[in-house]
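Notes follow the structure.
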Amino acid sequence: QVQLVESGGGLVQAGGSLRLSCAASGSIFSINVMGWYRQAPGKQRELVAGITSGGSTNYADSVKGRFTISRDNAKNTVYLHMNSLKPEDTAVYYCNAVIRVAGRNWEYNYWGLGTQVTVSS
């Protein structure tokens, strides 16, 4: 079994910063892409940022220059550093990872349960 556990969400004022963490655990052989998605009330889930095992990153246009994604492969952990937060960043943030489970020859797509980020104006 594999689990993704997020932490670090909360309430912050506009202009503030937060750091989200997501740790993967379980019978993991390897982790390919890791990323963060978010879903605001009444909206579809959207990609915020992604990072490959080699460190290549991509970001949604709305967060470029403000958010930074990083990962610690030794700890199977991905981070999202969020600066200059805006009220429109308010959403539930979900961790996502493409993982090859030990003993299997294919990859699965896993999701965390989500962590709430609320930015007040």
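Because the structure is a prediction, the values reported are computed rather than measured.
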According to ring pair (Phe, Tyr, Trp, His ring centres under 6.0 Å), who are the partners of Tyr37, at least two apart in sequence or on a separate chain?
Trp111
To the nearest 0.5 Å, what is the distance between CG on Asn83 and OG1 on Thr68?
6.5 Å
Residues that, via side-chain heavy atoms closer than 4.5 angstrom, fall in one hydrophobic cluster with Phe29:
none
If you round to the nearest 0.5 Å, how far is CZ of Arg71 from CD1 of Ile51?
6.0 Å
Side-chain contact, heavy-atom cut-off 4.5 Å: Thr90 with Glu88?
no
side-chain contact (heavy atoms from CB on, under 4.5 Å) partners of Ala24, counting only residues at least two apart:
Leu4, Ile28, Ile31, Asn76, Ile99
Write out all pairs satisfying ring pair (Phe, Tyr, Trp, His ring centres under 6.0 Å) with one or both partners inside residues 73-97, taking only residues at least two apart or from two chains.
none
Partners of Glu46 by salt bridge (charged side-chain N to carboxylate O under 4.0 Å, His left out), sequence neighbours excluded?
Arg38
Which residues pass the side-chain contact (heavy atoms from CB on, under 4.5 Å) test with Gln3, not counting sequence neighbours?
Ser25
Show me the donor-acceptor pairs within less than 3.5 Å that the side chains of residues 113-121 make with the rest of the protein, sequence neighbours left out.
| unit_1 | atom_1 | unit_2 | atom_2 | d |
| --- | --- | --- | --- | --- |
| Thr115 | OG1 | Gly9 | N | 3.3 |
| Gln116 | NE2 | Ala91 | O | 3.4 |
| Gln116 | NE2 | Thr118 | OG1 | 3.3 |

Between CD of Glu107 and OG of Ser30, what distance do you get to the nearest 0.5 Å?
6.0 Å
State which residues pass side chain to side chain donor-acceptor pair (under 3.5 Å) with Thr57; sequence neighbours excluded, sorted by chain then number.
none
Mind checking what makes salt bridge (charged side-chain N to carboxylate O under 4.0 Å, His left out) contact with Arg66, not counting sequence neighbours?
Asp89
In chain order, what residues pass the salt bridge (charged side-chain N to carboxylate O under 4.0 Å, His left out) check against Lys64, with sequence neighbours excluded?
Asp61
Is Trp36 close to Asn96 at the side-chain level, that is, under 4.5 Å between some pair of heavy atoms?
no
Does a side-chain heavy-atom distance below 4.5 Å link Cys95 with Val78?
yes
Only counting residues at least two apart or in another chain, list the ones meeting side-chain contact (heavy atoms from CB on, under 4.5 Å) with Val101.
Val2, Ser27, Arg104, Tyr108, Tyr110
Indicate whether the side chain of Thr77 and that of Asp72 have a donor and an acceptor atom separated by less than 3.5 Å.
no
Show the numbers, then the answer: is there a side chain to side chain contact (heavy atoms under 4.5 Å, CB included) between Val48 and Tyr59?
CA-CA 6 Å; Val48 176; Tyr59 296 92; 6.0 Å; no
Residues in side-chain contact (heavy atoms from CB on, under 4.5 Å) with Thr52, at least two apart?
Val33, Ser56
Show your working on side chain to side chain contact (heavy atoms under 4.5 Å, CB included) between Val63 and Met82 and close with a plain yes or no.
CA-CA 9 Å; Val63 306; Met82 305 184 292; over 6 Å; no
